[in-house]
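Here is the structure we will look at, set down as structure tokens.
Reminder, nothing fancy here: chain letters follow the sequence lines and each chain counts from 1. In this text the structure is predicted, and so the values were computed from the model without any measurement.
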Amino acid sequence: MNKQLEFRSVAEAQPGAKWQALFDHHWPAYERWYLSETERERPGYLACYNALSRHMPELLPTYERLCELAGGGDLASRMLSLYRPPAYITGCSQAVLANAHANLLVRNYDYPPELCEGTILASCWNGRRVIAMSDCLWGVLDGINEQGLTVSLAFGGRTTVGDGFGAPIILRYILEFCETTPEAVEVLARVPTHMAYNITVSDARGRYVTAMISPDRPASIRRIPVATNHQKKIEWYAHALASETLIRERQLSILVADEATTEQRLVSAFFAPPLFRRDYRRGLGTIYTAVYHPEEGRASFFWPGATLAMSFADPREQQLTIHYGSRTQRAAEGNRTGHYNE
Amino acid sequence: MNKITSISDVRRYFHNNKTPIYFVSATNFNLLGIGDWVGNFRHINYIDCFDGRQKNVFVPKEKFPRDFESIEDINNYLLEHKEVIDFLKTRGGEGTATFLMFDEHTEEVCEQLGLKVAFPPAELRSRMDNKIETVRIGNKVGVPSVPNVLAKVDSYAHLQEVSAELGTQDLVIQSAYGDSGHTTFFVSNEDEYYKYAEEIEAEPEVKIMKRINCRGSAIEACTTRCGTVVGPLMTELVGFKTLTPYKGGWCGNEMFAGAFSQEVRDKAREYTFKFGEALRDEGYRGYFELDFLIDMDTEEVFLGELNPRVTGASSLTNVAAFAHSDVPLFLFHLLEFSDVEFDIDIAEINERWAHPDSIDSWSQLVIKHTDESIDLLTQAPQSGVWKMAADGSIDYDHYSYHPHAAESEQEAFFVRISGVGDFRYEGADLGILITRGRLMDDDFQLNERAKAWIEGIRGQFAGQALQDPVVEEVAVSHAIGGGNFKIL
């Protein structure tokens with residue numbers, strides 16, 4: 001087993017040629033995914049437009065601009081709304097450490113490497129600079145804006161699917177239009193999600209929450225600094241076992257509760273089991289570690305043997321190739337072939 | 001324009017029309033040529049029968065194989081499609097929408113898109129479309145139906161009991177809603193009953209008719225605030241095995257001055273006028289079609305069913321001589337739903353339209369795939385004018401979008417429905433042929449010319465057998481699962 005993935009950071013203030021190139025590159029795969037349950041299962045364009053207009057109206061001009069760059073077609077526009085997309089699951093661990101000595105959000109993204117876009121997008125679409133790991137072409141897996149608001153998502157471990165949006169678009173909406181955790185909370189309580197997700201939010205003042213959002217019940221928003229892949233009690237035992245969600249949550253909870261935990265200690269924990277996972281065969285291996293520093297407005301992405309740093313002052317365009325193997329050694333060796341393009 | 005008081009006013013009013021008027025439907029067949037009369041008229045269709053050559057037809061490019069459940073479903077899909085919405089915006093975003101079929105959801109979407117629906121509300125249309133309601137409205141105003149009883153049926157014994165007053169075992173049973181032979185059951189004994197028992201007993205009420213020796217006929221009309229304008233009585237082509245796999249299924253019409261006796265024609269016109277007035281009392285306005293059953297033994301005229309809408313026969317009603325000397329019937333519909341005031345002498349128009357000289361002869365054939373086979377079309381005849389040689393072979397003559405382009409009985413105008421890359425399955429609409437003159441003889445059998453055209457057109461289609469069992473399974477489920485929609 002040896003998979004590889006290109007990661008690249010792309011800086012483009014307004015949607016333009018670079019975003020269009022990303023769209024063109026990824027669209028064939030997204031089209032297959034979007035049609036996976038047949039086209040009829042996906043809502044029509046008007047329903048998608050209406051849903052965005054009702055729940056995230058401020059996002060419409062950007063959405064329309066991106067649809068235009070995507071060729072203005074019906075299917076691509078429907079997919080880009082992320083309104084009732086096909087269901088999908090991920091792993092993920094995330095934790096906030098916010099105290100007198102530290103303010104950071106760290107997360108591992110556990111997912112099949114071949115399904116990850118590998119794009120870190122630095123943009124300023126709505127007058128606010130945002131750096132985020134992209135998903136679904138403009139959605140956000142995790143990210144930060146120039147006010148220091150940071151967000152990260154983890155699958156909520158429930159099979160329920162309903163009427164709502166894919167979480168990445170909700171995270172994009174938060175980063176584009178919110179400054180603080182309370183503002184983000186308001187969005188998370190209001191915008192419907194189509195699947196269960198645990199969203200961790202933290203801001204420059206160290207205010208943090210984890211929102212457990214679901215299509216079938218009101219969001220549970222509490223001042224919890226860690227999240228893995230279950231909401232309160234376990235509902236989907238097979239997934240919980242395969243993803244070791246309880247073990248990871250316990251490890252993180254102990255770490256952040258310990259006053260001796262430093263930034264470095266927390267970040268390092270994400271590089272080792274049980275948080276760092278090598279279950280690539282089942283699509284639950286760790287693809288990257290993201291570390292966000294809300295006060296300083298910077299983001300770092302880590303792989304065994306490689307890092308990529310970005311800040312609002314210096315949103316450098318870089319590229320590197322990551323090899324995923326079942327053994328750490330192999331992964332590290334693979335990273336030596338990675339190269340930077342500036 | 002202040003007030004419309006003459007036919008020339010009507011012509012000028014629509015000629016100068018600026019607000020977009022749309023016909024949203026699977027194809028543009030039903031309202032072929034209306035764009036010649038109405039400024040800014042556009043068709044929004046799912047199937048491009050004219051391969052991009054007909055400039056007032058808009059068909060979204062991006063489409064996926066999809067099982068539509070009904071014509072309403074197609075129309076809703078179209079109206080929610082981004083390309084259609086963008087198209088509407090480029091034309092100013094407002095306008096009037098017309099349909100064959102629509103439902104409450106269509107109404108909501110139209111409201112959002114700024115389109116006025118030029119029909120009575122879907123709820124009212126649906127009530128009018130109920131065959132049992134049709135009987136009641138007819139009874140109220142003296143338009144008789146074939147002797148019938150309306151009842152809920154639980155068993156064959158129960159059927160016999162409730163239909164005793166009809167005095168016969170030969171019965172025809174219809175459910176409240178249904179089309180073209182799908183929900184009409186011929187029952188004369190217990191065995192026949194059990195073939196359909198499940199469907200019959202599932203209905204809360206059915207119409208049980210005495211079976212008569214009848215011919216089907218169709219007449220279109222439009223009820224307006226000034227009265228009901230009545231078109232000519234047409235014969236119906238029903239259930240021909242060379243055209244349709246559905247027993248009792250509609251497969252075409254003929255329009256000619258001498259269709260049925262003068263007495264029958266007068267009676268049908270009188271009934272249609274009365275029914276139109278009754279419809280207006282019910283709150284319905286605009287275009288509608290009535291089927292009459294003409295008893296061949298007694299020449300009695302019975303109300304068959306009501307279609308409160310534009311229909312498959314509209315393509316003929318709107319092309320005949322009377323339509324061209326005055327205006328097509330459909331323009332009265334648009335007028336009724338326009339904001340302009342009008343006061344037109346409808347009686348005078350009806351008198352003129354009833355005159356045999358007003359009715360030139362036209363016929364149409366709806367050609368479906370009648371075999372049980374399934375294949376993928378690799379060749380299909382294009383739409384336009386086709387010419388028949390003396391030996392019965394046919395050739396493409398030239399492109400046109402208008403039936404009038406077929407000038408003689410040796411020519412026919414063909415609208416291609418199924419094209420290259422489409423599945424050809426039992427019941428699939430292949431296309432519609434419109435020609436001058438008759439296609440049946442006086443015994444209501446297809447004449448030689450009709451048979452030659454059917455054979456000629458079928459011969460222009462070629463398909464590739466499906467070897468791959470997976471593809472075949474998809475094709476079969478497509479055909480059975482409701483992907484096939486019918487042209488009504």
Side-chain angles (χ1 to χ4, degrees), chain A residues 15 20 23-24 26-57 59-86 136-138 163 165 169, chain B residues 22 24 44-46 48 58-90 93 97 102-115 117 423 470-471 473-475 477-478 480-485:
Chain A
Q20 194 169 36
F23 173 86
D24 291 341
H26 292 297
W27 173 243
Y30 275 116
E31 185 179 29
R32 277 197 300 279
W33 170 67
Y34 196 70
L35 293 173
S36 56
E37 297 167 333
T38 78
E39 179 262 348
R40 201 193 162 90
E41 292 301 310
R42 304 279 68 84
Y45 168 73
L46 192 64
C48 294
Y49 181 91
N50 286 344
L52 268 179
S53 169
R54 181 172 167 205
H55 299 290
M56 299 183 264
L59 213 45
L60 275 180
T62 308
Y63 169 69
E64 286 172 342
R65 173 73 182 128
L66 296 179
C67 288
E68 204 179 301
L69 287 170
D74 181 72
L75 195 75
S77 302
R78 287 155 69 188
M79 186 261 155
L80 285 173
S81 76
L82 279 188
Y83 176 57
R84 280 162 46 195
C136 295
L137 298 156
W138 68 306
D163 189 12
F165 293 90
I169 196 80
Chain B
Y22 302 101
V24 184
I44 295 176
N45 300 147
Y46 185 74
D48 187 355
F58 179 84
V59 177
K61 289 186 198 76
E62 199 181 305
K63 287 181 294 193
F64 294 87
R66 190 181 242 253
D67 287 339
F68 289 108
E69 283 158 12
S70 62
I71 292 176
E72 292 90 321
D73 197 18
I74 298 173
N75 290 342
N76 291 339
Y77 170 78
L78 285 169
L79 286 170
E80 297 194 280
H81 196 288
K82 185 167 187 291
E83 288 177 46
V84 172
I85 293 169
D86 290 347
F87 175 71
L88 295 173
K89 278 186 195 157
T90 65
F102 64 94
D103 56 22
E104 278 89 350
H105 183 65
T106 321
E107 290 174 330
E108 284 167 24
V109 171
C110 282
E111 191 183 349
Q112 183 182 347
L113 298 178
L115 297 175
V117 177
F423 284 121
V470 176
V471 176
E473 196 185 315
V474 170
S477 72
H478 205 77
I480 296 165
N484 46 337
F485 49 84

Pick from B:K61, B:H81, B:E83, B:K63 with the largest number of heavy-atom pairs that fall under 4.5 Å of chain A = B:H81

For A:E39, side chain to side chain donor-acceptor pair (under 3.5 Å) partners two or more places apart | A:R78, B:R66

Flag if over 12 foreign heavy atoms under 6.0 Å of CD, A:E37 | yes

Okay, A:C67 and chain B: the region with an atom under 4.5 Å from a heavy atom over there is side chain

Test item: side-chain donor near acceptor, A:D163 and A:Y83, under 3.5 Å | yes

Mind telling me whether A:Y45 and A:Y63 have parallel, tilted or perpendicular rings, with 30° and 60° as the class edges?
-> parallel

Relative to chain A, which segment of B:D86 carries a heavy atom at a distance below 4.5 Å: side chain, backbone, both, or neither?
-> side chain

